[in-house]
Amino acid sequence: MKIFAISDTHMKQAQIPQNLTGIIDDYDIIIHAGDFTSKGCYDEFESTGKLKAVYGNADDPGLKEILPERTKFEVDGVRVGIIHQGALSVTDTLAYRYLALEMEVDVLIFGHLHRPIVEKEDVMLVCPGSPTKPRMSPPTGVEITIENGSVTGNIIELEGGSCDSLELTRKFMEEEES
């Protein structure tokens, strides 16, 4: 089973972000960990028939009425949980690990950070970053493969612009090298 996880698209338009249009066809499940922003964007992802999603803090009130704050499901014996914001820290994932244990899941997919994380110890923690509004990273999503009860996750860099901070850092490094 191939899953593509994203979060934090922050789209006001009723469309799937252009850098995802050909990619999502290759996956069995599309997970969105919140912050579609508009119901129109959610509707476009929902029309694929592959979507599992939760609402995020920046989502329209209408989305908060139809989507759960958190959800979980099982694929090939692997329990997967989804939440948008599950901790206060943007660097320490310990609270997410405890949340995964509380939710009794093997994989916890979360958003809000806008930068990708894949960590695997006793549970797998996945923050897919953002395909449209990344922070200190390029635009990303995460490919999760579940096969015979085993799970792997890989960060997929997408086309599109990086955040301004990353571009400034690159520019500074190039100037230092000159």
Side-chain angles (χ1 to χ4, degrees), residues 1-60 62-64 66-71 73 75 80-87 90-91 93 96 107-120 124-146 151-170:
M1 175 75 59
K2 284 178 58 176
I3 299 170
F4 194 65
I6 58 170
S7 183
D8 298 284
T9 48
H10 292 278
M11 300 288 292
K12 293 185 189 218
Q13 305 90 337
Q15 66 185 53
I16 291 174
Q18 198 169 20
N19 60 354
L20 298 176
T21 51
I23 295 171
I24 61 175
D25 294 338
D26 298 335
Y27 293 90
D28 302 303
I29 297 173
I30 305 301
I31 291 177
H32 196 299
D35 279 359
F36 293 91
T37 302
S38 71
K39 183 163 182 323
C41 179
Y42 162 78
D43 290 341
E44 289 297 308
F45 279 103
E46 177 67 14
S47 73
T48 67
K50 302 176 181 186
L51 182 66
K52 295 197 179 290
V54 295
Y55 69 78
N57 61 298
D59 281 326
D60 288 343
L63 282 174
K64 293 179 179 180
I66 60 174
L67 289 172
E69 177 182 14
R70 59 172 74 174
T71 191
F73 61 97
V75 174
V80 179
I82 313 168
I83 190 164
H84 180 66
Q85 183 178 357
V90 296
T91 56
T93 57
Y96 288 106
V107 178
L108 180 63
I109 300 165
F110 56 94
H112 195 63
L113 302 182
H114 292 241
R115 63 180 180 80
I117 297 170
V118 175
E119 292 180 7
K120 186 171 183 186
M124 179 180 275
L125 303 176
V126 174
C127 181
S130 172
T132 54
K133 303 279 186 192
R135 287 186 191 137
M136 297 305 291
S137 73
T140 56
V142 172
E143 178 180 272
I144 300 165
T145 304
I146 300 175
V151 61
T152 58
N154 295 301
I155 297 168
I156 306 296
E157 193 169 319
L158 302 168
E159 289 187 19
S162 297
C163 72
D164 292 339
S165 298
L166 192 58
E167 292 304 318
L168 287 173
T169 302
R170 285 183 185 157

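A quick note: this is a predicted structure, and the numbers were derived from the prediction, not measured.
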Could you please spell out the steps behind the side chain to side chain contact (heavy atoms under 4.5 Å, CB included) verdict for R115 and C127?
CA-CA 7 Å; R115 63 180 180 80; C127 181; 5.9 Å; no

Starting at CG of L63, measure out to OG of S38 and round the result to the nearest 0.5 Å.
7.5 Å

Mind checking side-chain contact (heavy atoms from CB on, under 4.5 Å) for S130 and listing every partner two or more places apart, or none if nothing turns up?
D8, H114, T132, K133

Gap between atom CD1 of I6 and atom CD1 of I24 - 0.5 Å precision
7.5 Å

Side-chain contact test, heavy atoms from C-beta onward, threshold under 4.5 Å: evaluate it for V54 versus L67 and give yes or no.
no

If you take all heavy atoms of P134 and P138, which pair is closest and at what distance?
CB-O, 3.6 Å

Locate the shortest heavy-atom distance separating S7 from A33; write the atom from each residue and the value.
OG-O, 3.2 Å

Check A5 against I144 and note the closest heavy-atom contact, atom names and distance.
CB-CD1, 4.2 Å

Is a side-chain N or O of K120 found less than 3.5 angstrom from the main chain of V151, in a donor-acceptor match?
yes

Flag side-chain contact, heavy atom, 4.5 Å: P128 against I109
yes

What I'd like to find out is whether the side chain of I117 reaches to under 4.5 Å of the side chain of Y96, using heavy atoms alone.
no

For E143, side chain to side chain donor-acceptor pair (under 3.5 Å) partners two or more places apart
Y27

Among all residues two or more places apart in sequence or in another chain, which pass the side chain to side chain donor-acceptor pair (under 3.5 Å) test with E119?
T93

The criterion is side chain to side chain donor-acceptor pair (under 3.5 Å); which residues satisfy it with T37, sequence neighbours excluded?
H10

Before giving the answer on side chain to side chain contact (heavy atoms under 4.5 Å, CB included), spell out for N154 and V118 the whole-Å C-alpha distance, their side-chain angles and the decisive distance to 0.1 Å.
CA-CA 7 Å; N154 295 301; V118 175; over 6 Å; no

Residues two or more places apart in sequence or in another chain: which of them pass side-chain contact (heavy atoms from CB on, under 4.5 Å) with L51?
I30, H32, F36, Y42, F45, E46, A53

Show the numbers, then the answer: is there a side chain to side chain contact (heavy atoms under 4.5 Å, CB included) between I29 and V80?
CA-CA 12 Å; I29 297 173; V80 179; over 6 Å; no

Under the salt bridge (charged side-chain N to carboxylate O under 4.0 Å, His left out) test, residues paired with D60 that sit two or more places apart
none

Distance col, row M1:CE vs T145:OG1, nearest 0.5 angstrom, shows 11.0 Å

State, to 0.1 Å, how close P116 and S137 come at their nearest heavy-atom pair, and which atoms those are.
CD-OG, 3.5 Å

Which residues pass the side-chain contact (heavy atoms from CB on, under 4.5 Å) test with E69, sequence neighbours left out?
Y55

Using the rule given for side chain to side chain contact (heavy atoms under 4.5 Å, CB included), can you reason through I156 versus I23, listing the C-alpha separation, both sets of side-chain angles and the distance that settles it, and then say yes or no?
CA-CA 10 Å; I156 306 296; I23 295 171; 5.5 Å; no

Do you know the tightest heavy-atom contact between P17 and T9?
CG-CG2, 4.0 Å

With Q18 via side-chain contact (heavy atoms from CB on, under 4.5 Å) - residues at least two apart
none

May I have all residue pairs that pass salt bridge (Lys or Arg N to Asp or Glu O under 4.0 Å) and include part of residues 15-42, sequence neighbours excluded?
K39-D43

Straight-line distance of C41 SG to Q15 CD, nearest 0.5 Å
8.0 Å

Counterpart residues, salt bridge (charged side-chain N to carboxylate O under 4.0 Å, His left out), relative to K52 (two or more places apart)
none

